[in-house]
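The figures here come from the full heavy-atom set of this structure, side chains too, leaving out hydrogens, waters and symmetry mates. Indexing begins at 1, ligand by ligand and atom by atom, following the structure's order. The residues of the chain are indexed from 1 along the displayed sequence.
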Amino acid sequence: MDNKDRIKIVREPKWINYSAAVQIIKELNDLKFYPKSSRMPNVLLVGDSNNGKTALIEKFISLNPAMFSKENNEMICPVIGVQAPPEPDERRFYNSILEQLLAPYKISEKLDARQIRVKNLLQRLEVKVLIIDEIHHVLAGAPTKQRKFLNVLKFLSNELKISLVCAGTKDAFNAIQTDPQLSNRFVPRVLKRWKFDNEYKRLLLSFESKLPLKEESHLIEDGYAQKILALSEGLIGEISKIIELSTIWALENNLEKITPDILNEIRYVPPSDRKKMIYKL
Ligand SMILES: Nc1ncnc2c1ncn2[C@@H]1O[C@H](COP(=O)(O)OP(=O)(O)OP(=O)(O)O)[C@@H](O)[C@H]1O
Ligand SMILES: [Mg+2]
């Protein structure tokens, strides 16, 4: 394989089964088997930006594809995922669900009718878990707008008796806390920033095992591991990027492993310094 192909491999998204993700995915999977009740359990996945929320959700969705039911050969879809629209707009929110289900909608369709159609479709497809990523977008803004969306979440959870999995930042968590009914139905699950421990070293080992380099870099050695953690500020997206850039640098310079010099050569700017650089402009 030539270097161009190897660089392509380095850039491909990968999935690493770190223990917090495995645990959360197991909990999400359990939701599928929860009997229908008026108090369905919901999960709120909270974490800083670039720390693995969407990747985890996508992994869970990929493990639960749509299929044909054995009983009547109808399409069923136990898990669906949508992105919340960038602003608190109910109509657009229902549209994203309809789009995800490949159901056409008319601009003129009234909100109520749209809501009923979403409800019917989700029922027909036997959806058990509805995932809403970027939930902080619709829970942002004025308290009246926030409340409207908290009611949408209640409607979906109560009427359909399905579990909701919402992912977002701390703002979403705070918004949900303002509603007692929802706050005791949403179990928060936090993707914490990585710190210097064995779990982090296992993560580095896994990343290294996927590199198309011929020699071992020993990224778990303290020097590397500390440096990568400092540069990444504990965010998995940054850790992954630092390793990706270092590997590409190695390949472009005909090296078969990442060396301490390379971590300097890539001139990685930690995320919080990036902001400072912009403000100084
Ligand atoms: N389990 C994983 N294995 C390998 N890489 C991962 C994993 N989880 C996340 N990453 C890396 O981290 C990057 C950021 O993750 P992700 O997009 O899930 O963050 P996020 O928490 O959804 O951020 P945002 O709040 O900005 O949407 C991914 O593009 C991927 O490179
Ligand atoms: Mg995301």
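Looking at ligand 1, you'll find an N or O of Asn51 within less than 3.5 Å of one of its N or O atoms.
Atom 26 (O) of ligand 1 has its closest protein heavy atom at Ser49 OG, 2.5 Å. Distance from atom 31 (O) of ligand 1 to its nearest protein heavy atom, with residue and atom name: Ser240 OG, 3.5 Å. For atom 22 (O) of ligand 1, the closest heavy atom belonging to the protein is Thr54 OG1, 2.7 Å.
Under a 4.0 Å criterion applied to the non-hydrogen atoms of Gly237, ligand 1 contributes the atoms 11 (C), 12 (O), 13 (C), 14 (C). Close approach to Tyr18 involves these atoms of ligand 1, each under 4.0 Å from a residue heavy atom: 1 (N). Within the listing of ligand 1, atoms 1 (N), 2 (C), 3 (N) sit less than 4.0 angstrom from a heavy atom of Trp15. Annotation for ligand 1: atoms under 4.0 Å from non-hydrogen atoms of Ala55 are 8 (N), 9 (C), 18 (O).
Using a cut-off of 2.8 Å, one finds that Thr54 contributes an N/O/S atom close to the Mg ion (ligand 2).
Not a single heavy atom of Ala21 sits less than 4.0 Å from an atom of ligand 1. Under a 4.0 angstrom heavy-atom cut-off, Glu134 registers as being in contact with ligand 1. Taking a 4.0 Å cut-off on heavy atoms, Asp48 registers as neighbouring ligand 1.
With a 4.5 Å cut-off on side-chain heavy atoms, Val165 and Leu130 do not count as touching.
Inspection of the Ser163 and Asn42 side chains reveals no N or O donor paired with an N or O acceptor under 3.5 Å. Between Gln83 and Ser96, the side chains place no donor N or O within less than 3.5 Å of an acceptor N or O (distance only, hydrogens not considered). A donor and an acceptor atom, one from each side chain of Asn95 and Arg92, are nowhere located under 3.5 Å apart.
A donor-acceptor pair under 3.5 Å is absent between the side-chain atoms of Ser217 and the main chain of Leu219, judged by distance alone. Not one N or O on the side chain of Tyr94 forms a donor-acceptor pair closer than 3.5 Å with the backbone of Asp112.
For atom 7 (C) of ligand 1, the nearest protein heavy atom lies under 4.0 Å away. Distance screen at 4.0 Å: atom 29 (O) of ligand 1 has no protein heavy-atom neighbour inside the cut-off.
Aromatic rings from Phe173 and Phe186 are positioned such that their centres are separated by 6.0 Å or more.
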